[in-house]
Participant: 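Have a look at this one.
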Amino acid sequence: MRKAKDAYLLWHTNYLNLPKSCRYSLGQRIDSLFVEIMESLAAATFTSKEEKLPFVRHAIKKLDTVKILLMILWETKSLDSRKYTKLSAELEEVGRMLGGWSGQLRKQNSLDYKSREK
């Protein structure tokens, strides 16, 4: 969750410097998606292991959407290449962590299900 928070803080500094034409459309949507990601991660952190997976999957979906919208900002030259590259690297790391967490949860839930069948 710390990496997601760090990525958001990096985003927030860029968000404040976006052109007004993008700040109140794509920028605002990206900001909202970041908040949804943080909410999902907080929920996943504090639920039982059987209930975590849907929250982690939700965070992954929202993260993928953030990546696409950031790419659009970059392609429209509303976000310069250096800032986009730095933010993308942070988001890739968050994505790897979420992917690992999701895989671990799927494996654990599958093992738990198999042990209950016996």
Participant: Passes side chain to side chain contact (heavy atoms under 4.5 Å, CB included), I60 versus V56? Steps please.
Facilitator: CA-CA 6 Å; I60 291 169; V56 173; 4.1 Å; yes

Participant: State, without any angle test, whether R29 and S25 hold a side-chain donor-acceptor pair at a distance under 3.5 Å.
Facilitator: no

Participant: Compare every heavy atom of M1 with every heavy atom of A42, then report the nearest pair and how far apart it is.
Facilitator: N-SD, 3.8 Å

Participant: What are the two closest non-hydrogen atoms of G27 and L18, and how far apart are they?
Facilitator: CA-CD1, 3.8 Å

Participant: I would like to know whether R57 and L98 meet side chain to side chain contact (heavy atoms under 4.5 Å, CB included); could you show each step before the answer?
Facilitator: CA-CA 8 Å; R57 282 186 167 158; L98 286 174; over 6 Å; no

Participant: Evaluate H58 against E36 for side chain to side chain contact (heavy atoms under 4.5 Å, CB included), listing each step before the verdict.
Facilitator: CA-CA 9 Å; H58 186 260; E36 288 183 47; 3.9 Å; yes

Participant: Mind checking whether W11 and F34 have parallel, tilted or perpendicular rings, split at 30° and 60°?
Facilitator: parallel

Participant: In this structure, are over 12 heavy atoms from other groups packed under 6.0 Å from W74 atom CH2?
Facilitator: no

Participant: If we ignore hydrogens and angles and just use 3.5 Å, is the side chain of T76 paired with the main-chain N or O of I72 as donor and acceptor?
Facilitator: yes

Participant: Roughly how far apart are L10 CG and K83 NZ, rounded to 0.5 Å?
Facilitator: 9.5 Å

Participant: Linking I/L/V/M/F/W/Y whenever any side-chain heavy atoms sit under 4.5 Å apart, do F55 and W101 land together?
Facilitator: no

Participant: Going through the checks in order, is the side chain to side chain contact (heavy atoms under 4.5 Å, CB included) test met by K5 and R2?
Facilitator: CA-CA 5 Å; K5 181 189 75 136; R2 179 169 167 72; 3.9 Å; yes

Participant: Heavy-atom count check: over 12 atoms from other residues, nucleotides or ligands less than 6.0 Å from M38 CE?
Facilitator: yes

Participant: Would you mind listing every side chain to side chain donor-acceptor pair (under 3.5 Å) that reaches into residues 84-98, with sequence neighbours excluded?
Facilitator: K67-E92

Participant: Give the minimum heavy-atom separation between C22 and S78, together with the two atoms involved.
Facilitator: SG-OG, 3.1 Å

Participant: Is there a donor-acceptor pair closer than 3.5 Å between any side-chain N or O of K62 and the backbone N or O of L33?
Facilitator: no

Participant: If we check side-chain contact (heavy atoms from CB on, under 4.5 Å) with L70, which of these qualifies: L26, T65, L79?
Facilitator: L79

Participant: Could you point out which residue of L87, D31, L91 forms a side-chain contact (heavy atoms from CB on, under 4.5 Å) with V66?
Facilitator: L91

Participant: Same cluster or not: L69 versus V35, using hydrophobic residues (I, L, V, M, F, W, Y) connected whenever any side-chain heavy atoms lie under 4.5 Å apart?
Facilitator: no

Participant: Check Q28 against Y15 and note the closest heavy-atom contact, atom names and distance.
Facilitator: N-CE1, 3.6 Å

Participant: When you group the ILVMFWY residues by side-chain heavy-atom contacts below 4.5 Å and let the links chain together, are I68 and L63 in the same group?
Facilitator: yes

Participant: Could you tell me whether a side-chain N or O of K52 sits under 3.5 Å from a main-chain N or O of T47, the two making a donor and an acceptor?
Facilitator: yes

Participant: For the residue pair L53 and S102, what are the closest heavy atoms and their distance?
Facilitator: CD1-OG, 3.7 Å

Participant: Given the rule that I, L, V, M, F, W and Y join up when any side-chain heavy atoms are under 4.5 Å apart, are L9 and M97 in one cluster?
Facilitator: no

Participant: Minimum heavy-atom separation for A59 and L41, please, with both atom names.
Facilitator: CB-CD2, 4.1 Å

